[in-house]
Amino acid sequence: GVWRQTRALLFKNCLIKCRTKKSSVQEVLFPLFFLFWLILMSMMHPHRRYGEVANTNLGTLDTSMLVNFVIGYTPPTRAAREIMKKVAFDNFEDGIITEEYLSEEELQEASASKPSNFVGVVFNDAMSYQLRFPDSVAMSSIYMESR
């Protein structure tokens, strides 16, 4: 029955491995080689450990900078409206103005015509977004490709 079939299959596999020694050795050595390579790479680039930062009282937020601050967002979905309502009213009682735009093009046009206190938020889905700053914001040259 089952034992006889299992024994025959095991014997067949042993014969195949003995007859194809080169591929059998490769099956064993390639994973070991890649494991060695991964260990070598991890040793060349060790993980950086950062020490703890002590708790510090940062003081109160200077809300005078946020007077008439405009945050535009698109697309105007229910989730986006709820998020922007929390940003505008729960965190800052006054000073932040939220505006919704139907498309990203309208948001870019508004950003060009508004003063420098405008920031755009483009919601990709309910969990991710991208920020759009006016061109007058100084950006690091390192991150220009990803912008």
Side-chain angles (χ1 to χ4, degrees), residues 2-3 5-6 9-10 12-14 16-18 20-147:
V2 174
W3 172 246
Q5 288 178 352
T6 305
L9 184 62
L10 184 62
K12 178 186 133 192
N13 286 340
C14 286
I16 290 172
K17 292 295 177 189
C18 288
T20 57
K21 290 181 178 137
K22 183 178 178 182
S23 65
S24 299
V25 169
Q26 287 177 351
E27 285 180 12
V28 173
L29 291 182
F30 275 153
L32 291 176
F33 171 74
F34 289 126
L35 179 65
F36 170 74
W37 186 255
L38 285 173
I39 291 171
L40 183 67
M41 292 302 288
S42 68
M43 289 170 56
M44 288 174 58
H45 302 286
H47 297 290
R48 292 185 180 169
R49 302 271 184 222
Y50 295 103
E52 292 183 9
V53 177
N55 289 339
T56 307
N57 184 5
L58 298 176
T60 58
L61 178 66
D62 183 16
T63 57
S64 64
M65 293 174 42
L66 300 176
V67 173
N68 296 327
F69 195 76
V70 180
I71 301 177
Y73 64 95
T74 188
T77 60
R78 185 175 63 84
R81 285 186 188 110
E82 289 178 15
I83 291 170
M84 296 312 292
K85 187 169 79 171
K86 275 191 171 294
V87 167
F89 298 114
D90 291 353
N91 298 324
F92 310 101
E93 288 78 24
D94 52 8
I96 293 184
I97 302 165
T98 59
E99 298 175 352
E100 65 180 43
Y101 295 93
L102 297 176
S103 67
E104 193 170 347
E105 290 78 23
E106 287 182 21
L107 181 72
Q108 288 176 348
E109 289 173 10
S111 174
S113 64
K114 300 271 184 189
S116 63
N117 60 351
F118 182 85
V119 173
V121 181
V122 178
F123 288 94
N124 299 329
D125 53 34
M127 297 300 289
S128 64
Y129 61 90
Q130 294 178 342
L131 297 176
R132 300 283 192 252
F133 294 98
D135 290 333
S136 63
V137 176
M139 299 293 282
S140 172
S141 61
I142 298 171
Y143 301 109
M144 287 306 282
E145 294 87 25
S146 65
R147 184 174 177 207

Using every non-hydrogen atom in the two residues, find where [X] and [Y] come nearest and quote the distance to one decimal.
X     : Y     : answer
Tyr73 : Met84 : CD2-CG, 3.4 Å
Pro76 : Arg81 : O-NH2, 3.2 Å
Pro75 : Ala80 : O-CB, 3.6 Å

Rounded to the nearest 0.5 Å, what separation is found between the [atom1] atom of [X] and the [atom2] atom of [Y]?
X      : Y      : atom1 : atom2 : answer
Tyr101 : Ser111 : OH    : OG    : 9.0 Å
Met41  : Ile39  : CE    : CD1   : 13.0 Å
Phe33  : Leu40  : CZ    : CG    : 9.5 Å
Ser103 : Glu109 : OG    : CD    : 7.5 Å
Leu29  : Phe36  : CG    : CZ    : 13.0 Å
Leu38  : Met43  : CG    : CE    : 13.0 Å

Exam field: side chain [X] to backbone [Y], donor-acceptor pair closer than 3.5 Å:
X      : Y      : value
Ser128 : Asn124 : no
Thr74  : Gly72  : no
Thr20  : Ser23  : no

Side chain to side chain, [X] and [Y], heavy atoms closer than 4.5 Å:
X      : Y      : answer
Val119 : Val70  : no
Arg132 : Val122 : yes
Leu32  : Phe30  : no

Can you confirm whether Tyr129 is buried at OH, in the sense that more than 12 heavy atoms of other residues, nucleotides or ligands lie under 6.0 Å from that atom?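 Count not over threshold, so no.
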According to salt bridge (Lys or Arg N to Asp or Glu O under 4.0 Å), does anything in residues 26-35 pair up with another residue at least two apart or in another chain? List the pairs.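 Found Lys17-Glu27.
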Full working for salt bridge (charged side-chain N to carboxylate O under 4.0 Å, His left out) between Lys86 and Glu82: CA-CA 6 Å; Lys86 275 191 171 294; Glu82 289 178 15; over 6 Å; no
